[in-house]
Number of protein chains: 2
Amino acid sequence: MVLGKSLRSHNTAKKLVALIGPQVSGPCKDVLQKIFDEVRVVDVLDSGDTAHLAMMKRPDLGVTFTKLHCWTLTHYSKCVFMDADTLVLSNIDELFDRQELSAAPDPGWPDCFNSGVFVFCPSMETYGKLLQYCTEHGSFDGGDQGVLNAFFGDWATADISKHLPFIYNLSSIAIYTYLPAFKQYGDKAKVVHFLGKTKPWSYSFDPKAKRISGSVDEATSHPTFLMDWWMLYSSAVVPLLYEQYGDQPFHSG
Amino acid sequence: MVLGKSLRSHNTAKKLVALIGPQVSGPCKDVLQKIFDEVRVVDVLDSGDTAHLAMMKRPDLGVTFTKLHCWTLTHYSKCVFMDADTLVLSNIDELFDRQELSAAPDPGWPDCFNSGVFVFCPSMETYGKLLQYCTEHGSFDGGDQGVLNAFFGDWATADISKHLPFIYNLSSIAIYTYLPAFKQYGDKAKVVHFLGKTKPWSYSFDPKAKRISGSVDEATSHPTFLMDWWMLYSSAVVPLLYEQYGDQPFHSG
Ligand SMILES: O=c1ccn([C@@H]2O[C@H](COP(=O)(O)OP(=O)(O)O)[C@@H](O)[C@H]2O)c(=O)[nH]1
Ligand SMILES: O=c1ccn([C@@H]2O[C@H](COP(=O)(O)OP(=O)(O)O)[C@@H](O)[C@H]2O)c(=O)[nH]1
Ligand SMILES: [Mn+2]
Ligand SMILES: [Mn+2]
């Protein structure tokens with residue numbers, strides 16, 4: 001929801017699609033429908049297509065599979081996938097000038113791209129091949145990033161234009177590992193990615209004092225970006241949640 | 001010394017040059033001369049050229065400057081610079097097919113290259129421009145990596161062939177940060193870079209038991225690579241040191 005609102009607040013001219021699991025609650029879905037142009041429920045286990053069959057052999061790749069589902073959005077010719085734990089800091093519509101598969105390097109193993117932000121072209125053919133790849137080879141990291149890097153295996157060496165600048169997928173890990181570079185280039189950040197176990201929603205926020213409660217793990221969440229996330233959540237998302245839930249506690253499903 | 005021996009043991013056909021400071025002891029220099037084709041003493045503060053003048057204004061950039069000195073090796077048309085804390089695991093002469101400035105991405109901020117391994121073309125003109133850049137802009141990280149990344153500022157976006165595969169400058173940080181990728185690609189490693197404060201020579205080694213004493217910080221030094229380093233040091237470098245120092249304790253200067 002915060003991601004969607006951040007895209008809207010930077011005036012994206014593109015259609016926004018949210019892929020959600022079947023467990024997401026009705027009111028939550030209603031809120032998502034107010035923010036996104038399309039909310040598509042992706043039901044991994046009950047799908048009756050080839051996907052289902054492929055997955056039967058590898059139940060461990062469930063979450064991976066969910067992300068791959070974005071290739072089925074064939075009513076669009078080109079899309080940008082964004083993890084739910086990303087936050088947009090400026091208009092990034094120019095990403096649609098890039099080709100499949102464009103992505104930013106992963107800090108850590110920089111010849112891999114990070115699969116939190118990538119440009120792709122929906123296609124049932126590619127989707128089928130990706131599923132087949134999953135079934136035959138699995139994922140070297142147990143997640144979608146391993147599959148996608150193996151499948152789009154020439155990313156590191158083939159075409160510099162498919163290397164998105166790191167500021168389109170800036171993860172807090174990088175801030176921590178090479179602080180001088182962040183100080184040099186960080187003010188140009190366009191997308192922040194809160195990767196790792198601790199997500200912005202793992203913290204609590206006091207909206208009156210505008211303060212995040214508890215200690216912030218600076219290795220995974222830069223305090224300023226975390227504050228940006230919570231400010232947008234409080235100002236733009238909470239009112240929508242109130243409309244749906246009234247005085248009842250929110251539950252996402 | 002270990003780096004030089006590792007290049008020799010993988011049969012490099014290239015000339016080896018060591019750049020050393022004036023503090024390096026005589027016997028140590030003799031050993032270096034047995035391993036390298038050329039040992040050049042780089043005297044930062046006493047040099048009478050433009051370098052000296054430029055540095056007067058920025059004494060903090062001393063070490064940076066030392067590395068930049070490699071551009072003065074103009075009796076070669078192309079070179080590969082390698083940090084003293086790197087170790088070669090296979091022949092890498094093919095790096096000479098690359099152009100200036102080719103380098104591998106830095107894990108941490110992957111739109112910067114790591115300056116531990118890079119291909120360059122010696123040139124007094126480039127050298128002068130680099131020094132001028134240092135004087136005018138300094139280094140965003142206080143070291144050579146900041147200067148070189150700012151000077152060769154289009155590395156991230158201009159030419160994929162100038163992106164050396166990460167296996168030519170594999171740092172232990174990456175192993176720790178994204179272990180599955182290391183398991184997938186690590187066996188292809190060609191150059192290991194022991195970057196960070198703890199260097200292989202910070203540990204002690206028991207050559208009889210073939211064991212590293214004390215606890216190894218796996219975040220900075222992969223145990224296998226560390227062992228490779230020490231095995232080569234004991235077998236190929238220690239005998240040369242004995243020849244020079246006899247029974248006296250080694251001291252590098
Ligand atoms: O139960 C889940 C887990 C993950 N995801 C999606 O998969 C992405 C990748 O997971 P995560 O961001 O936790 O991985 P990280 O970026 O920390 O490696 C998320 O951002 C979500 O978009 C999802 O839809 N449902
Ligand atoms: O007193 C010094 C410090 C550094 N160096 C050279 O500069 C390189 C970079 O330093 P270091 O490897 O410690 O930096 P790191 O790779 O850990 O960032 C070393 O490998 C050496 O080649 C040197 O010659 N003398
Ligand atoms: Mn994520
Ligand atoms: Mn080094």
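Quick note on labels: first sequence line is chain A, next is B, and so on, each numbered from 1. Atom set for the values below is all heavy atoms of this structure, side chains included, hydrogens, waters and symmetry mates excluded.
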**Q** Using non-hydrogen atoms only, which part of A:A181 is less than 4.5 Å away from chain B: side chain, backbone, both, or neither?
**A**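 Both backbone and side chain.
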**Q** Measure B:A158 against the heavy atoms of chain A and call it side chain, backbone, both or neither at under 4.5 Å.
**A** backbone
**Q** Just wondering, more than 12 heavy atoms not from B:E94 lying within 6.0 Å of its CD?
**A**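 Enclosed.
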**Q** When rounded to the nearest 0.5 angstrom, what distance separates OH in B:Y185 from CG in A:D111?
**A**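 Taking OH in B:Y185 and CG in A:D111, the distance rounds to 8.5 Å.
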**Q** Quick check for you: to the nearest 0.5 Å, what is the distance between B:F140 atom CZ and A:L179 atom CG?
**A** 11.0 Å
**Q** Show your working on side chain to side chain contact (heavy atoms under 4.5 Å, CB included) between B:I160 and A:H163 and close with a plain yes or no.
**A** CA-CA 9 Å; B:I160 196 78; A:H163 283 222; 3.5 Å; yes
**Q** For chain B, find which of A:P110, A:P107, A:P105 contributes the most heavy-atom pairs closer than 4.5 angstrom.
**A**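 Answer, by heavy-atom pair count under 4.5 Å with chain B: A:P110.
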**Q** Distance check, rounded to the nearest 0.5 Å: B:I167 atom CD1 versus A:W109 atom CH2?
**A** 8.0 Å
